[in-house]
Amino acid sequence: MHIIPSLLVKSKEEFLSQLDSLDHMVTHLQLDIADGQFVPTLTWSDPAIIASIEGYTFELHLMDLHPLETIALWKDIPSITRLIIHVESVTNLSDAIEHARTFGREVFIALNPETKLEVIETVHTHIDGVLFMGVKPGFQGQTLIPEVLEKIAQCRKKYPDLYTELDGGVQEDTLAAIVESAVHAICPGSLVFRHTRTAREQIIHLKQKINELKAL
Ligand code: DX5
């Protein structure tokens with residue numbers, strides 16, 4: 001199971017300090033882009049700064065009412081490798097996917113906790129993966145909604161080729177159930193960046209915990 005740390009930051013300083021704490025322990029990160037409308041949170045993100053960062057690739061988690069317009073601001077940045085669009089933020093999902101594909105990156109769909117898996121029925125062959133929100137999007141430190149794990153297990157059975165990520169509510173006490181769901185990746189935010197250990201130390205610790213759980 002991959003660990004894709006989720007950066008939900010309000011300033012360049014916070015972004016750079018979280019990168020520093022990671023110390024290249026992973027190479028792929030999730031950058032939360034929240035517009036203050038789709039979710040109440042307004043995050044910091046600056047394509048020029050991201051373009052200057054070496055040694056990381058990024059997936060953009062668009063919590064944004066105008067995801068395609070926002071994606072266009074990032075089109076010339078090679079380290080952006082994955083675009084994640086919320087199904088709840090677009091009116092025509094297949095048109096949005098088709099448009100997102102023109103940017104030449106992987107295209108994932110994000111589902112809020114209450115959104116049914118059925119919404120990807122007609123588009124699953126046109127996407128590269130699904131991001132399952134384990135919490136109401138926009139904030140860190142919330143408790144995982146357990147029904148989301150059932151939705152992930154359902155997706156792994158029905159669409160075995162689709163890559164799956166869980167974002168939101170990843171904590172040590174939920175890791176066993178998360179591993180059980182067979183999700184491909186977790187996107188921890190507070191567990192990695194709002195902990196007494198450095199992000200680097202926390203990721204080493206989490207990798208060990210996950211290996212122990214997988215060995216059970
Ligand atoms: C929530 C964000 C998540 C968040 C996860 O809206 O999309 O990526 O950073 O934070 P935790 O892991 O603390 O729930």
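Just follow the structure's listing: the first ligand is 1, and inside any ligand the first atom is 1. Computed from a prediction, not measured in an experiment: that's the story for all the values here. Residue numbers count from 1 along this sequence.
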Check your understanding: Polar-atom distance check: Lys136 versus ligand 1, any N or O pair below 3.5 Å?
Key -> no

Exercise for review: In plain terms, say whether Arg156 and Asp161 are close enough for a salt bridge, that is, a side-chain N and a carboxylate O under 4.0 Å apart.
Suggested key: no

Check your understanding: Ion pair present between Lys151 and Glu118, side-chain N to carboxylate O less than 4.0 angstrom?
Key -> no

Point to revise | Nearest neighbour of atom 4 (C) of ligand 1 from the list Ser6, Ala34, Pro137, Pro5, on a heavy-atom basis | key: Ser6

Point to revise | Proximity of Phe38 and His66 rings by center, below 6.0 Å | key: no

**Study point:** Protein contact of atom 12 (O) of ligand 1 - nearest heavy atom, named by residue and atom, plus distance
**Key:** Gly189 N, 2.8 Å

Check your understanding: Are the aromatic rings of His86 and His61 close, with centres under 6.0 Å apart?
Key -> yes

Exercise for review: Using a 4.0 Å heavy-atom cut-off, say whether Gln30 meets ligand 1 through its side chain, its backbone, both or neither.
Suggested key: side chain

Point to revise | Nearest non-hydrogen protein atom, atom 14 (O) of ligand 1 | key: Gly169 N, 2.8 Å

Revision key, fill the gap. If you scan protein heavy atoms around atom 6 (O) of ligand 1, the nearest is Gly138 N, 2.2 Å

Review point. Looking at atom 13 (O) of ligand 1, what's its closest protein heavy atom, distance included?
Key: Ser190 OG, 2.5 Å

Review point. When you measure from atom 3 (C) of ligand 1 to every protein heavy atom, which one gives the shortest distance, and what is it?
Key: Asp167 OD1, 3.1 Å

**Study point:** Flag side-chain contact, heavy atom, 4.5 Å: Gln140 against Arg194
**Key:** yes

Check your understanding: Any luck finding a side-chain donor-acceptor pair between Asp64 and Thr70 under 3.5 Å?
Key -> yes

Check your understanding: Which residue supplies the protein heavy atom nearest to atom 2 (C) of ligand 1, what is that atom called, and how far is it?
Key -> Asp32 OD2, 3.3 Å

Review point. Ion pair present between Glu165 and Arg82, side-chain N to carboxylate O less than 4.0 angstrom?
Key: yes

Review point. Identify the closest protein heavy atom to atom 10 (O) of ligand 1: which residue and atom is it, and at what distance?
Key: Gln140 CG, 3.3 Å

**Study point:** Under 3.5 Å side-chain donor-acceptor pair for Glu88 and Thr115
**Key:** yes

Practice item. Using a 4.0 Å heavy-atom cut-off, say whether Pro188 meets ligand 1 through its side chain, its backbone, both or neither. Key: backbone

